[in-house]
Protein chains: 2
Amino acid sequence: MITKRSTINDVARLAGVSIKTVSRVFNREPNVRQSTRDKVIAAAETLNYRPNRSARQLASNLTFVIGMLYDNPNSDYVTEVQYGCLQVCREYGYNLLIHPCQADSPDLIDEIGGLQHQVDGFIVLQPVSDDQRLNQLLLENNIACVRVSQRPFEEFPWISVGDKEAADQMTEYLLDLGHRRVGFIIGHPDHGSSHDRLAGYRSALKRRDIRYDENLVAQGRFDLESGLSCARKLLSSTSRPTAIFASNDPMAMGVLSAAHEFGLDVPRQLSVAGFDDSPLARHAWPPLTTVRQPITEVARLATNVLMQQLQGRSEGDSNHRLQAELVCRASTGSPG
Amino acid sequence: MITKRSTINDVARLAGVSIKTVSRVFNREPNVRQSTRDKVIAAAETLNYRPNRSARQLASNLTFVIGMLYDNPNSDYVTEVQYGCLQVCREYGYNLLIHPCQADSPDLIDEIGGLQHQVDGFIVLQPVSDDQRLNQLLLENNIACVRVSQRPFEEFPWISVGDKEAADQMTEYLLDLGHRRVGFIIGHPDHGSSHDRLAGYRSALKRRDIRYDENLVAQGRFDLESGLSCARKLLSSTSRPTAIFASNDPMAMGVLSAAHEFGLDVPRQLSVAGFDDSPLARHAWPPLTTVRQPITEVARLATNVLMQQLQGRSEGDSNHRLQAELVCRASTGSPG
DNA sequence: TATAAAAATGACAGCGCTGTCAAAAGCGCA
DNA sequence: TGCGCTTTTGACAGCGCTGTCATTTTTATA
């Protein structure tokens with residue numbers, strides 16, 4: 001049997017107050033006497049009342065939904081971000097609308113334009129967060145958002161992870177192991193973090209007075225196949241590297257495959273390092289030395305910042321920077 | 001500058017019709033003259049009108065949102081399902097609300113109970129779809145849903161994938177290669193598909209008149225670690241198997257690691273097969289022979305069936321069965 | 001041409017809530 | 001006790017749409 005869902009009127013009648021008072025209680029507004037509050041809550045409980053979101057949305061012109069914009073082929077990353085975001089959403093009674101999209105799609109702007117009234121704000125992940133048209137759209141329409149990106153855009157709050165520092169650390173770690181020819185595979189050229197990771201690699205070399213050698217660097221695209229072909233190229237060179245640092249884990253997996261092809265033992269003859277600490281990395285053979293990003297933290301933080309924004313409490317400082325961390329496993333060791 | 005969003009009234013005024021007619025056009029209702037329809041559409045276009053979902057929801061008592069319930073640690077699977085589901089959702093103007101949950105949580109029922117008014121229906125993935133309390137809740141409250149599961153529940157429509165047949169095929173394939181001692185690692189005991197995959201293994205053995213040997217079978221939990229320990233057990237036995245068929249890819253990765261430990265060459269000394277065709281499988285070394293499930297298809301189908309349901313067009317036959325497919329890669333070969 | 005039936009359109013209530021503003025109740029203090 | 005203040009509560013409009021049902025227009029048929 002389907003019993004009709006109880007409304008604010010039912011609760012008000014049972015509690016002997018006006019519907020407005022019920023509304024106040026459920027919106028945690030001040031200036032409601034405790035005894036009144038209790039009456040209302042009790043009544044709501046007996047009736048198993050739940051506010052009707054649609055009605056609330058219509059009346060308040062709020063959706064209680066936030067949108068998540070992303071174009072990330074890495075499902076582990078996406079899932080983890082979703083998870084962290086949902087945790088915070090639930091605290092605030094918000095729902096999450098996921099919107100995977102193609103950053104290079106010409107329809108992107110229309111698409112998001114249509115979404116804008118369905119959500120109160122957006123969390124925009126890399127690399128979509130670096131799309132200037134999109135940022136402009138959000139800005140012009142005064143849409144609340146938090147960007148996960150390595151670079152600022154206007155006054156938008158943004159969350160960044162110390163990609164450069166982490167890449168620097170990883171490079172330094174490889175140098176500390178005694179490597180002198182450390183290869184590097186750059187990530188997808190459209191991804192902001194690709195540049196930062198490369199910058200980190202370069203800064204560590206520089207600090208150690210090691211010349212940056214273009215022959216040790218190859219341009220990948222963040223997928224295994226590109227990692228494989230880059231590694232083939234690097235390993236075929238006359239002065240082959242004794243370590244290869246790939247800008248993400250799938251590419252590092254490609255390097256591992258190439259090492260197999262070349263009959264190189266990892267890590268004795270070739271050290272391999274990745275970035276992201278995906279499950280892939282843990283499950284590789286040998287398990288991959290990599291960099292762990294605090295993904296859940298990023299997601300939680302981004303969501304919290306957005307919630308603050310939506311509640312009008314915008315912060316002074318709009319950048320929050322988190323640090324990534326080295327995870328040393330068996331794929332790296334001293335050379336020779 | 002933020003211009004106020006235009007409403008159905010604006011469109012009606014500009015088109016010179018009543019708001020009800022505008023409503024009809026936007027809901028694709030019949031009985032609107034083409035010329036009227038055109039006028040309305042033109043007016044809507046100039047005003048850049050978009051129906052207000054909240055208002056529509058409130059008035060129609062529909063949410064235009066479907067919920068996706070899952071508890072799946074495999075992010076590739078989840079992401080792919082989300083993707084397929086979203087494709088269909090967009091066609092129908094629906095949004096997707098994801099709700100990862102813990103199948104064994106005591107609060108699950110409350111949680112879903114609270115969600116029920118926020119969505120028009122649910123897509124329930126395994127293993128949540130096999131939770132009897134949840135199914136009962138959905139049934140009692142007459143909530144529309146489509147289950148992705150290997151078994152029926154009452155009259156609910158359900159989508160299943162031929163796990164058993166696929167496992168049978170894979171086993172047969174290994175036998176065809178000449179293996180006589182084929183090990184098997186069972187999946188998580190709470191997962192319906194674990195049983196089916198085991199059943200497929202057994203049926204293939206039986207057809208070939210090969211005795212089912214308990215010593216060749218180990219109980220895993222769908223994760224790499226359990227695959228590793230199961231493989232250690234199987235490989236330590238006096239009559240070690242020449243092939244191991246793990247019920248999913250992470251466990252097969254564990255088997256691969258164990259093979260490394262035991263100094264066994266894959267596939268010359270040990271063939272390894274997985275299930276699911278996760279990216280893991282493609283990226284393993286050697287690349288893993290496995291079973292590909294039509295995940296996107298499952299998701300699309302499930303969503304379509306749900307949409308049919310919501311529109312009152314319930315089908316006669318409520319089960320849709322899709323077939324999985326063998327993917328043969330380099331991790332399997334003839335023994336010896 | 002008249003008439004019935006079908007198709008197209010509109011008037012209006014109301015979905016369940018929040019915002020606004022006014023009214024009532026409670027409080028401190030002379 | 002009464003005054004002015006603050007705190008608490010309520011009445012009511014209206015958010016933008018859809019459902020119902022009445023009305024008008026068109027079409028088919030006699």
Side-chain angles (χ1 to χ4, degrees), chain A residues 2-41 43-44 47-65 93 114 116-118 120 310-312, chain B residues 2-41 43-44 47-65 93 114 116-118 120 310-312:
Chain A
I2 311 164
T3 53
K4 199 171 170 317
R5 189 175 166 186
S6 54
T7 76
I8 200 172
N9 291 294
D10 304 328
V11 178
R13 203 173 313 120
L14 182 59
V17 298
S18 74
I19 59 168
K20 181 67 215 189
T21 299
V22 178
S23 169
R24 285 196 180 93
V25 171
F26 273 85
N27 288 290
R28 294 187 176 70
E29 284 176 33
N31 298 338
V32 178
R33 200 173 298 150
Q34 187 58 46
S35 58
T36 312
R37 202 177 288 274
D38 293 342
K39 269 194 303 185
V40 169
I41 289 175
L47 294 174
N48 192 26
Y49 167 73
R50 314 221 180 225
N52 178 317
R53 292 178 95 89
S54 304
R56 188 205 289 234
Q57 286 167 27
L58 179 59
S60 67
N61 201 27
L62 248 41
T63 66
F64 298 99
V65 172
Q116 83 175 268
H117 295 297
Q118 291 177 43
D120 292 342
L310 293 180
Q311 309 197 342
Chain B
I2 311 165
T3 53
K4 200 172 167 317
R5 186 177 168 187
S6 54
T7 75
I8 201 171
N9 290 295
D10 304 327
V11 178
R13 204 173 312 118
L14 182 59
V17 299
S18 75
I19 58 167
K20 182 65 218 192
T21 299
V22 177
S23 169
R24 286 196 181 94
V25 170
F26 273 85
N27 288 290
R28 294 185 177 69
E29 283 177 32
N31 299 337
V32 178
R33 201 174 298 151
Q34 188 58 45
S35 59
T36 312
R37 202 176 288 273
D38 293 342
K39 272 194 301 186
V40 170
I41 290 175
L47 295 173
N48 192 25
Y49 166 72
R50 311 224 181 224
N52 178 318
R53 291 179 94 89
S54 304
R56 189 205 288 235
Q57 286 167 28
L58 180 57
S60 67
N61 200 27
L62 247 40
T63 65
F64 297 99
V65 172
Q116 80 173 272
H117 295 297
Q118 290 178 44
D120 293 343
L310 294 179
Q311 308 197 346

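Residue numbers start from 1 in every chain, and the chains themselves are labelled A, B, ... in the order their sequence lines are given, proteins ahead of strands. Computed from heavy atoms alone, side chains included, the values below leave out hydrogens, waters and symmetry copies.
Other residues, nucleotides and ligands contribute at most 12 non-hydrogen atoms within 6.0 Å of the CG atom of A:Asn61.
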Do any N or O atoms of the protein come closer than 3.5 Å to N or O atoms of nucleotides 10-13 of chain D, and which pairs are they?
residue: D:dG10; atom: OP2; partner: A:Ser18; partner atom: N; Å: 2.9
residue: D:dG10; atom: OP2; partner: A:Ser18; partner atom: OG; Å: 3.1
residue: D:dG10; atom: OP2; partner: A:Thr21; partner atom: OG1; Å: 2.6
residue: D:dG10; atom: N7; partner: A:Arg24; partner atom: NH1; Å: 3.3
residue: D:dG10; atom: O6; partner: A:Arg24; partner atom: NH2; Å: 2.6

Identify all pairs in which a protein N or O lies below 3.5 Å from an N or O of nucleotides 5-7 of chain D, and state each distance.
none

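The two residues A:Val32 and A:Arg24 make their nearest non-hydrogen contact at CG2-CB, 3.8 Å. Residue B:Ile19 comes nearest to B:Asn9 through the heavy atom pair CG2-OD1, 3.3 Å, listed as atom of the first residue, atom of the second, then distance.
D:dC17 atom C1' lies 14 Å from atom CG of A:Asn61, rounded to whole Å. For A:Gln34 and D:dT8, the CD to C1' distance is 13 Å, given to the nearest whole Å. With rounding to whole Å, A:Gln57 atom CD is found 18 Å from C:dC15 atom P. One interatomic measurement links the two molecules: CZ of B:Arg33 to P of C:dA6, which rounds to 18 Å at whole-angstrom precision.
Residue B:Val32 places its side chain closer to C:dT9 than to any other of C:dT9, C:dG16, D:dG16. Among C:dG14, C:dA8, C:dG16, the nucleotide with an atom closest to any side-chain atom of A:Leu58 is C:dG16. Nearest nucleotide to the side chain of A:Arg56, out of C:dG16, D:dC17, C:dT18: C:dT18.
Within the 4.0 angstrom heavy-atom criterion, only backbone atoms of the sugar-phosphate kind lie near B:Pro51; the bases stay farther away. In this structure, A:Asn27 reaches the sugar-phosphate backbone alone: every heavy-atom distance under 4.0 Å involves primed, P, OP1 or OP2 atoms, never a base. Using a 4.0 Å heavy-atom criterion, one finds that B:Phe26 contacts no nucleic acid atom at all.
Taking CZ of A:Phe64 as the start and CZ of A:Arg56 as the end, the distance is 4.5 Å to the nearest 0.5 Å.
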